[in-house]
Amino acid sequence: MSARAALATYVVADLATLAGRDVAAVVAAAEAGGAGTIQLRAKRLGAGAFRDLVAECAAALSGTARLLVNDRVDVYLAAAAAGARIHGVHVGQSDLSASDVRGLVGQGAVVGVSASTPREIAAIHALPAGTVDYIGAGAVRATPTKPDHPDPLGWAGLARACRAAREVPVVAIGGLGAGDAASARAAGAAGVAVVRAVCRAEDPRRAAADLAAEWRAAA
């Protein structure tokens with residue numbers, strides 16, 4: 001699977017949303033359903049526990065999906081040093097800069113950055129080529145999983161972000177789920193990132209598979 005294709009079905013495994021479910025089992029199910037990228041988000045977990053969770057999830061995956069860590073570059077580095085099959089990090093505007101992150105994780109890792117405004121996207125274009133692998137643009141809709149998100153973009157705002165991003169792939173995120181793939185693709189996105197649509201699904205594998213099928217059908 002190419003790097004761009006891996007973005008098409010993107011699952012954010014958020015511990016707060018999973019609410020006690022077996023995280024490794026959910027991410028394995030999402031991968032089995034066709035998720036190409038899985039991001040682990042654990043805002044309230046200590047570094048050591050988060051590193052152990054990353055290692056557990058990495059061991060549960062077969063290798064067809066890329067596994068990323070949200071925000072915590074230190075956790076990524078610790079997990080990678082311990083031998084976990086971990087592929088990169090995703091950071092927001094208030095985290096370490098993309099340049100700093102790239103310097104820490106090296107050229108072989110995936111670096112994603114949340115960016116929605118013209119100014120944020122322009123800042124990414126000002127960086128050396130290859131610093132940022134993809135942009136997470138949103139929230140498309142208001143979402144309870146990230147209460148500090150900027151004003152919702154809507155589909156028109158997402159389309160503007162995709163045009164501004166030019167050659168950098170954009171993943172749409174924020175309140176998205178079943179029925180949204182066609183609109184995201186029409187706006188120019190390279191993929192759809194979901195949280196509750198998989199984390200809260202009775203059958204996470206089926207939910208991921210339905211999302212992947214919907215994306216292919218929208219081609």
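Please read all numbers here as calculations on a predicted model, not as lab measurements. Computed from heavy atoms alone, side chains included, the values below leave out hydrogens, waters and symmetry copies.
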So does Arg141 pair up with Asp180, basic N to acidic O under 4.0 Å? yes
Indicate yes or no: does Asp14 engage Lys43 in a salt bridge with an N to O separation below 4.0 Å. no
Any chance CD of Glu167 has more than 12 other-residue heavy atoms, nucleotides or ligands included, within less than 6.0 Å? yes
Might you work through the side-chain contact (heavy atoms from CB on, under 4.5 Å) test for Val23 and Leu15, ending with a clear yes or no? CA-CA 8 Å; Val23 182; Leu15 261 64; 4.1 Å; yes
Would you say [X]'s side chain and [Y]'s backbone share a donor-acceptor pair under 3.5 angstrom?
X	Y	answer
His87	Val110	no
Arg102	Thr131	yes
Ser116	Gly138	yes
Arg85	Leu61	yes

All side-chain hydrogen bond (donor to acceptor under 3.5 Å, both in side chains) counterparts of [X], not counting sequence neighbours:
X	answer
Asp52	none
Arg200	none
Asp100	Ser97

Please confirm whether Phe50 and Tyr76 have ring centers closer than 6.0 angstrom. no
Decide whether Leu68 and Val195 are clustered together by the hydrophobic rule: side chain heavy atoms of Ile, Leu, Val, Met, Phe, Trp, Tyr closer than 4.5 Å, transitively. yes
Looking at Ile173, Val170, Leu176, which one forms a side chain to side chain contact (heavy atoms under 4.5 Å, CB included) with Leu158? Val170
Under 3.5 Å, is there a donor-acceptor pair between the Ser62 and Glu31 side chains? yes
Could you point out which residue of His90, Gln93, Glu120 forms a side-chain hydrogen bond (donor to acceptor under 3.5 Å, both in side chains) with Ser114? His90
Please test Tyr10 against Val194 for side-chain contact (heavy atoms from CB on, under 4.5 Å), starting from the C-alpha separation and ending with a verdict. CA-CA 6 Å; Tyr10 188 128; Val194 300; over 6 Å; no
